[in-house]
Amino acid sequence: EKGGYEHFMLKEIYEQPKAIKDTLLPRLRKSDEIKLDSIKITVGNIENLKRIYIIACGTAYHAGLLGKDMIEKHTKIPVIAEIASEFRYSEPLIDKETLMIVVSQSGETADTLAALRLAKEKGARVIAVTNVVGSTISREADDVFYTWAGPEIAVASTKAYTTQIVSLALIALDIAIKKGSISNEKYKLILEELKSIPSKIEKVLEDSEEIEKLADILCKKENIFFIGRGIDYHVSREGSLKLKEISYIHSEAMAAGELKHGTLALIQKDTPIIALVTQDKLYDKTVSNIKEVKARGAYVIAVAKEGNTDIEKSVDNVIYIPEIIDEISSLVSIIPLQLLSYYVAYKRGCDIDKPKNLAKSVTVE
Ligand code: M6R
């Protein structure tokens, strides 16, 4: 049932091009109109929207951070992305003019479900982005948008994450076009780019041998840092979670600009740093942070876009990803990080599909 792969995680990493097509294409009409299944987002109910909450845990929360950026940028509606276990014990500003989007692969996560119930009690409308048909969250939400990733068996989430990002992108674009807060050109450009993602992921997967070689170096380390800005920072957080969860190496993700406010003190000779530099508008800023860690002897692996070969002057190794617009670069830049985590854990002899202390579905608070 692992389809020739040694682990479910690797199988699921390789399934991402298909999972993304299955999530994206049925929602697109020929005229590039988006059809969000049965969710009715009308001009009327957008006008009354004051704020949007995106609530989730773990990897789904990391997808939510990207959703926040996309929705806020294109719809101009304030969006708060929060971890479910924090949200439910805060005093959230929820009312009838609030939309809540809960993101959950399993649709059973206890804290996410409790957050959904709290929001409904206060009169908010709840949309669930989930992968499991008939799950508790899918039944209790007002509307459901399914990620069509297929069953995800490995505890480490991979294809659920990328299909959640695609789903949130579609929700963002649909609200934005109805609200008139995005230009037609931009809307079409993002849709075209979304359609190109599966083949771009295939390209990264073809280079997996290079990534496997880098794992030889990383698997012997005790601490690994990820840095990035903006979307690259969100993806760094997911990369770091993936690595620690299956390899048991301590890892942290830092906003690159925040390093010098404390964490830089930990950087010394040969400290491994994975630096994401895929955002055109933040490129120079992140490169200057890379220079700061290099000056302290760090060993830097960059994830950069093809064409930005000048990065080679500043780092020890580069993993290139195909050219892609900033907005949805996460869908491609996460792939080398997933593979890297997998190979590091593999070389350390870890139980990749079932890491210790963790469950696939967290139904306790
Ligand atoms: O089923 P959910 O998406 O609600 O699960 C949320 C988290 O427990 C989950 O994403 C967890 O962080 C993964 N094991 C990470 O790989």
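The basis for the numbers below is simple: all heavy atoms, side chains too, and nothing from hydrogens, waters or symmetry mates. Both counts, for ligands and for their atoms, begin at 1 and track the order of listing.
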Measure the distance from [atom] to every protein heavy atom, then report the residue, atom name and distance (to 0.1 Å) of the closest one.
| atom | value |
| --- | --- |
| atom 1 (O) of ligand 1 | S106 OG, 2.7 Å |
| atom 5 (O) of ligand 1 | T109 OG1, 3.5 Å |
| atom 7 (C) of ligand 1 | C57 O, 3.6 Å |
| atom 3 (O) of ligand 1 | Q105 N, 2.6 Å |
| atom 14 (N) of ligand 1 | E245 OE2, 2.6 Å |
| atom 9 (C) of ligand 1 | T59 N, 4.0 Å |
| atom 8 (O) of ligand 1 | V362 CG2, 4.0 Å |

Assess A156 for proximity to ligand 1: is some non-hydrogen atom of it under 4.0 Å away?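 Contact check A156 vs ligand 1: positive.
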Is any side-chain N of the basic residue among K244 and E252 closer than 4.0 Å to the acidic one's carboxylate O?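 Result for this pair is no, no salt bridge flagged.
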Determine, stepwise, if the pair L36 / I41 fulfils side chain to side chain contact (heavy atoms under 4.5 Å, CB included). CA-CA 8 Å; L36 294 179; I41 293 179; 3.6 Å; yes
Donor + acceptor pair across side chains of [X], [Y] (<3.5 Å):
| X | Y | answer |
| --- | --- | --- |
| D310 | Y283 | yes |
| T59 | S157 | no |
| N223 | H250 | yes |
| E238 | Q338 | no |

Which atoms from ligand 1 have a heavy atom of A60 less than 4.0 Å away?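 Here the atoms of ligand 1 in question are 3 (O), 10 (O).
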Looking at S104, which atoms of ligand 1 are within less than 4.0 Å of one of its heavy atoms?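 Heavy-atom distances to S104 below 4.0 Å select 1 (O), 2 (P), 3 (O), 4 (O).
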Is the Lys NZ or Arg CZ of R27 less than 6.0 Å from the centre of F145's six-membered ring, within 45° of the axis?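 Yes; both conditions hold, so R27 lies above the ring face of F145.
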Regarding K356 and the six-membered ring of Y248, is the cationic atom NZ or CZ under 6.0 Å from the ring centre and inside 45° of its axis?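 Output yes; distance and angle both within limits.
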Compute the shortest N/O to N/O distance between [X] and ligand 1 and return yes if it is under 3.5 Å, no if not.
| X | result |
| --- | --- |
| V155 | yes |
| K360 | no |
| K242 | yes |
| T112 | no |

Should I324 and I335 be counted in the same cluster of Ile, Leu, Val, Met, Phe, Trp and Tyr side chains packed under 4.5 Å apart?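 Cluster IDs for I324 and I335 match.
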